[in-house]
J.: 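One structure, pasted below without further comment.
Every chain is numbered from 1, with letters handed out A, B, ... down the list of sequences.
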Number of protein chains: 2
Amino acid sequence: MPKGIPSAAVSRLVIYLRVLTDLEADGVGRTSSDHLAAEANVSAFQVRKDLAYFGSFGTRGSGYVVATLKRELRRILGLTRQWNVIIVGMGRLGQALAAYPQLDQYDFELVAGVDVDRAKVGTRIGDLLVYHLDDLHQLLAEQRVDIAFLAVPVGAAQAATDALVDAGVPGILNFAPTVVSVPPAVTVESVDFLAGLKRLAYFLHTPAHDDGAVTS
Amino acid sequence: MPKGIPSAAVSRLVIYLRVLTDLEADGVGRTSSDHLAAEANVSAFQVRKDLAYFGSFGTRGSGYVVATLKRELRRILGLTRQWNVIIVGMGRLGQALAAYPQLDQYDFELVAGVDVDRAKVGTRIGDLLVYHLDDLHQLLAEQRVDIAFLAVPVGAAQAATDALVDAGVPGILNFAPTVVSVPPAVTVESVDFLAGLKRLAYFLHTPAHDDGAVTS
DNA sequence: ATATGTGAATTGATTCACAGCG
DNA sequence: CGCTGTGAATCAATTCACATAT
């Protein structure tokens with residue numbers, strides 16, 4: 001069924017899922033596209049269209065059952081299986097990520113750290129055993145790895161990416177403020193706060209904005 | 001001149017600026033849309049169109065002068081003036097941001113920390129003096145503040161945002177994994193690694209991807 | 001009566017082809 | 001002759017209006 005889905009729609013599904021989680025925690029049983037739209041800062045049309053890309057999950061006249069829609073969104077987003085994650089680069093950022101509390105909320109499981117610093121290799125940081133970047137193949141032989149958090153300095157990002165690709169890691173969440181190149185079989189998402197900061201500078205610097213809304 | 005500029009174009013300008021900075025560091029004096037495109041993982045059409053939104057900066061037949069184009073992009077993005085930044089939420093993330101090395105590279109100047117923990121208020125973290133959230137007005141009276149890094153827990157994000165809006169902070173870089181609402185006069189950019197992670201899960205989970213490229 | 005689901009219309013962004021200039 | 005700059009064309013995404021189901 002997924003055919004030509006705007007990737008912006010996927011970003012919004014993530015938001016809807018959060019809203020639903022909050023609603024469920026508040027004991028709300030049913031909701032509507034209007035309500036979801038208000039919480040997510042988008043239009044109700046948008047909510048219904050985004051959901052329609054994947055199926056139909058509501059009942060006309062009465063809206064959506066929170067628990068049902070939440071379950072469906074988790075399924076659509078792939079959040080019903082376990083994802084094994086390694087952290088590449090155990091500096092300040094890598095360590096902060098290792099200590100991040102709610103990662104396992106949706107079965108993201110940290111399975112190892114990776115660094116090039118021999119002083120760190122073999123130690124435990126948090127409860128992650130640290131491997132050397134050169135031992136990635138060995139690590140991947142022992143352990144399925146779905147996702148790598150790339151938390152190395154800019155200058156090391158492409159080389160580390162190449163090593164990850166070579167070892168067969170299919171997904172990379174890139175925290176380095178640079179574009180990394182990968183072959184088509186590998187998927188990269190970037191989390192780039194310096195880019196966000198500079199976009200913000202642009203919007204503040206330049207009049208002509210009417211929004212007040214959010215981007216990811 | 002800025003009229004109906006795709007916000008994706010702004011994101012790409014940030015990338016082009018990085019590429020130019022690298023080129024300059026390598027002593028390269030001239031470049032072309034083809035070359036920039038290759039480095040930024042986009043098409044040469046895209047590079048030229050993005051630049052054309054703001055003016056014309058090259059010379060036909062020979063391309064762009066690195067130093068000139070870099071200067072123009074800095075000007076367009078608003079990176080030629082100083083931006084005063086406060087960090088709201090001096091927990092693990094706030095402290096990591098306070099210690100981030102290259103922030104002043106483009107005149108982003110950290111001027112204060114903010115927290116609600118009385119044990120932190122009045123102390124220095126890094127070299128940031130920490131204010132109480134309730135004293136924002138006082139802080140803003142002493143000091144121009146252009147941008148707040150919102151690094152508080154999810155549950156506190158909207159309340160802290162309201163306080164920032166009320167105190168008159170025009171720009172917010174939101175690190176909390178939630179949508180915050182602001183009036184139209186305030187600009188928010190979000191840096192949401194959990195959302196990025198879930199998008200990544202979706203793309204890995206769902207076939208139908210041909211890309212290998214990046215998003216911000 | 002009410003709120004979803006969806007084809008059609010509109011708006012927006014990207015791609016293209018080539019005119020324009022050095 | 002080469003590479004930029006840009007109107008025109010294509011492609012994608014959002015908005016809308018309303019038919020549809022409960």
J.: If every non-hydrogen atom of B/L13 is compared with every non-hydrogen atom of B/L51, which pair is closest and at what distance?
T.: CD2-CD2, 4.2 Å
J.: CZ of B/F57 versus P of C/dC21: gap in Å, rounded?
T.: 17 Å
J.: How far apart are the closest heavy atoms of B/P177 and A/Y100, and which atoms are they?
T.: CG-OH, 4.2 Å
J.: What is the distance from CG of A/D50 to P of D/dA13, rounded to the nearest Å?
T.: 11 Å
J.: A/Y64 OH to C/dA3 P: how many Å, rounded?
T.: 12 Å
J.: Rounded to the nearest 0.5 Å, what's the gap from CG on B/D107 to CG on B/N84? Could you check?
T.: 9.5 Å
J.: Assign a letter to each nucleotide of nucleotides 15-22 of chain D from its 5' end: B, base within under 4.0 Å of a protein heavy atom; S, sugar-phosphate only; -, no contact.
T.: BBB-BBBB
J.: So, do B/Y106 and B/L77 sit near enough that their side-chain heavy atoms are less than 4.5 Å apart?
T.: no
J.: Tell me: CD1 of B/I5 to C1' of C/dG12, nearest whole Å?
T.: 14 Å
J.: Check A/L20 against A/V66 and note the closest heavy-atom contact, atom names and distance.
T.: O-CG1, 3.6 Å
J.: Atom CZ in A/R12, atom CZ in B/R199: separation rounded to 0.5 Å?
T.: 11.5 Å
J.: Looking at every non-hydrogen atom in both residues, tell me the closest pair between B/A160 and B/L150 and how far apart they are.
T.: CB-CD1, 3.8 Å
J.: Which atom pair, heavy atoms only, marks the closest approach of B/T178 to B/A157?
T.: CG2-CB, 3.7 Å
J.: Rounded to the Å, how far apart are B/E72 CD and D/dT4 P?
T.: 16 Å
J.: Near DNA chain D, counting only heavy atoms under 4.0 Å, which residues of residues 22-36 of chain B show up?
T.: B/S32, B/S33
